[in-house]
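Below, all heavy atoms of this structure are taken into account, side chains as well, without hydrogens, waters or symmetry copies. This chain uses plain numbering: 1 for the first residue, then up along the sequence.
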Amino acid sequence: MSPTAVGSTPGHLDSFTLPSQGEVKVHATAKRSPEGGLIQVESESTVYEEDGIRAKFVDRGAAVTKGPDGRLKVTKTENAYEFFTKSKVGRVGLLLVGIGGNNGTTVMATHLANKHNISWHTKNGIQQPNYIGSLVRASTIRLGVNPETGKDVHVPISEMLPMVHPNDFVIGGWDISGVELDQAMARAQVLDWDLQRQLVPHMAGIKPMPSIYYPDFIAANQADRADNLIPGDDKQAHLERIRADIRSFKETNSLDNLVVLWTANTERYAEIIPGVNDTAKNLLAAVKSSHDEVSPSTIFAIASILEGVAFINGSPQNTFVPGCIELAEKHKTFIGGDDFKSGQTKVKSVLAEFLVNAGIKPLSISSYNHLGNNDGKNLSSQRQFRSKEISKSSVVDDMVAANAVLFKPAEELTKETGEVHKKGEHPDHIVVIKHVPAVGDSKRAIDEYYSELLMGGRNVMNIFNECEDSLLATPLIFDLAILAELLTRITYRREGEAEFQPLYSVLSLLSYMLKAPLVKPGTDVVNSLSRQRNGLEMFLKACLGLENQGDLLLSSRVW
């Protein structure tokens, strides 16, 4: 990146401070919180201290065991926690791997347009900058009920706890293409011309930092873009260079916190090889020996972990090999991934859940996509497409597995056939992606859901979805960075423990934004969109000492 990164003015920032806006109109998704915050919880379990919020919370659940006779025994469980959230946000950096691509330039352009409140002309009139599509900035949580009116009170997710405002990020990054960001923005062809015209003075002269290029991991058709590279083949030297870049960016911009996020090309899957990337020790040794199966994204992840900053993977490859997860655990550094869940897959997770929860049995789900941007060009290579196919195909697994009435579990299939089944009955699921240059960043997605109905009937649902790929992905990047930074400021302790400790290294709370959520090893992946969002809502409320208010609405059910 250029010596001076694009970001906010110097000095520590408090997300609850309202800067002077004058008469300038600001979109609702970009407005600042009132000074001191919007929410004040009045409870013995919630204490507001000078440097943070201390809250007690009881996690209530149910333990279920199965007896020899097949009956289920349910035991109520309660676990008491205390959370502490540091309220000072400070200066936060966001380093993007792939900053010169469609997503990276759109993130920078959106940040600058909102920061400078740049409006522009479209064929539909004047357009205001905004953060529409952001879960954090543009959606709300049901906080409670107004006792005077009996009506629900909803607040933006961004108001729940002190969070960095996206206008305040200090943004930089790496890219294998050395094109300056104004030209890269024009190359991407995502934004309206009048907006690009006004952003050129802000983005001209900003050049990405040199990045890592291992041709075996991305499609050969990307070679013509690779002109901004860290030299040599020594992967240990590459690791040290990325670590130095992270340190320099933090020091130059006086940052209090930093998030590194991969939004570069999809890589092929790395082979998991015992003795190479199966443990933290072996993985670091593999980097030193420049082993062929150490990918660029894993190098960036290791560098971030060793520098103590959060790393998020927005592409579908297996960046977080077992050794990488173990390294994050060892250093108690945060990681999250994989693959932005922006359009078709998000809809699929909702529809599949709807069908299964309605007692309808999906027999097949067929998904076809075509797009013309560089992501589509890279995915036209079979090995890179395979990474995307894996992340897209697993999205319905947990919803299907939750209904043993419609779908036979693996044990039952094994008993019936005599063959060992590792996976239970599930719909046929096919994913196709084709590169069509003419449509650019406008992705077309066609889904067919073929399901079984009552008495042998059949139902077919077809959905045609046209979306602008980077305009869906960009809000997710802001969400992932905002929430990851917040989670670095939250610590907890169980009842009876003396010391507070950070959350577990794998940030599964980010699952709503990701196609193939990374979770704690040994735990089940949750792909249900409603469960993912509910889990995040409940956690934010827990940090305020609030019980989750579900949809029981008991007062409306009784006299």
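- Of the N and O atoms on the side chains of H291 and S289, not one donor lies less than 3.5 Å from an acceptor on the other residue.
- A salt bridge links K423 to D397: at least one charged side-chain nitrogen sits closer than 4.0 Å to a carboxylate oxygen.
- Between W262 and F311, the ring center distance fails the sub-6.0 Å criterion.
- The backbone N or O of I365 sits nowhere less than 3.5 Å from a side-chain atom of D428 that would complete a donor-acceptor pair.
- In the model, S297 has a side-chain atom that pairs as donor or acceptor with a side-chain atom of E267 under 3.5 Å.
- Counting non-hydrogen atoms of other residues, nucleotides and ligands closer than 6.0 Å to CG of N357 gives a total above 12.
- A distance of 6.5 Å separates OG of S451 from CG of L363, quoted to the nearest 0.5 Å.
- N103 and T106 share no side-chain donor-acceptor pair at under 3.5 Å.
- Here the straight-line distance linking atom CG of L261 with atom OG1 of T263 works out to 6.5 Å at 0.5 Å rounding.
- The pair E416-K408 meets the salt-bridge criterion, since a charged nitrogen lies less than 4.0 angstrom from a carboxylate oxygen.
- Looking only at atom types and distance, the side chain of Q317 has a donor-acceptor partner in the side chain of T319 under 3.5 Å away.
- A donor-acceptor pair shorter than 3.5 Å cannot be found between the side chains of N130 and T29.
- Within 6.0 Å of the CG atom in D233, the count of heavy atoms belonging to other residues, nucleotides or ligands does not exceed 12.
- Ring planes of Y214 and H238: parallel class, angle under 30° (limits at 30 and 60°).
- T298 and S295 share a donor-acceptor pair across their side chains, judged by distance under 3.5 Å alone.
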For a side-chain contact (heavy atoms from CB on, under 4.5 Å) check, start with the C-alpha distance between T105 and L191, then their side-chain angles and the critical distance, and finish with the verdict. CA-CA 10 Å; T105 54; L191 300 169; over 6 Å; no
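- Closest of all the heavy-atom pairs between P409 and A404 is CG-CB, 3.9 Å.
- In this model, no donor atom of one side chain and acceptor atom of the other lie less than 3.5 Å apart for S349 and N527.
- The existence of a salt bridge linking E293 and R268 is confirmed by a sub-4.0 Å separation between a basic side-chain nitrogen and an acidic carboxylate oxygen.
- Of all heavy-atom pairs between N167 and H111, the closest is O-CE1, 3.0 Å.
- Nearest heavy-atom pair across N403 and V356 is ND2-O, 3.5 Å.
- Inspection of the S304 and R243 side chains reveals no N or O donor paired with an N or O acceptor under 3.5 Å.
- Taking a 6.0 Å sphere around NE2 of H154, one finds it holds more than 12 heavy atoms contributed by other residues, nucleotides or ligands.
- The existence of a salt bridge linking E411 and K415 is excluded, since no basic side-chain nitrogen approaches an acidic carboxylate oxygen closer than 4.0 Å.
- With V276 as the fixed residue, the side-chain contact (heavy atoms from CB on, under 4.5 Å) test singles out one of I272, I273, D278: I273.
- No donor-acceptor pair under 3.5 Å is formed between the side chain of D192 and the backbone N or O of D194.
- Listed by first and then second residue, the salt bridge (Lys or Arg N to Asp or Glu O under 4.0 Å) pairs that reach into residues 449-466 are R444-E466, sequence neighbours excluded.
- Aromatic ring centroids of F478 and Y131 lie under 6.0 Å apart.
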Please lay out, stage by stage, how I335 and L518 fare under the test side-chain contact (heavy atoms from CB on, under 4.5 Å). CA-CA 9 Å; I335 56 175; L518 189 69; 3.9 Å; yes
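- Between K348 and E353 there is no salt bridge, since no side-chain nitrogen of the basic residue lies less than 4.0 Å from a carboxylate oxygen of the acidic one.
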With side-chain hydrogen bond (donor to acceptor under 3.5 Å, both in side chains) as the test, would you mind laying out the steps for R187 and S177 before giving the verdict? CA-CA 12 Å; R187 178 179 62 188; S177 169; 3.2 Å; yes
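- The OG atom of S139 sits 7.5 Å away from the CG atom of D479 when rounded to the nearest 0.5 Å.
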Show, in sequence, the C-alpha distance, side-chain angles and deciding distance for T333 and V309, and conclude whether the side-chain contact (heavy atoms from CB on, under 4.5 Å) test is met. CA-CA 7 Å; T333 307; V309 301; 5.8 Å; no
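- Here D338 does not pair with K515 in a salt bridge; the nearest charged N to carboxylate O distance is not below 4.0 Å.
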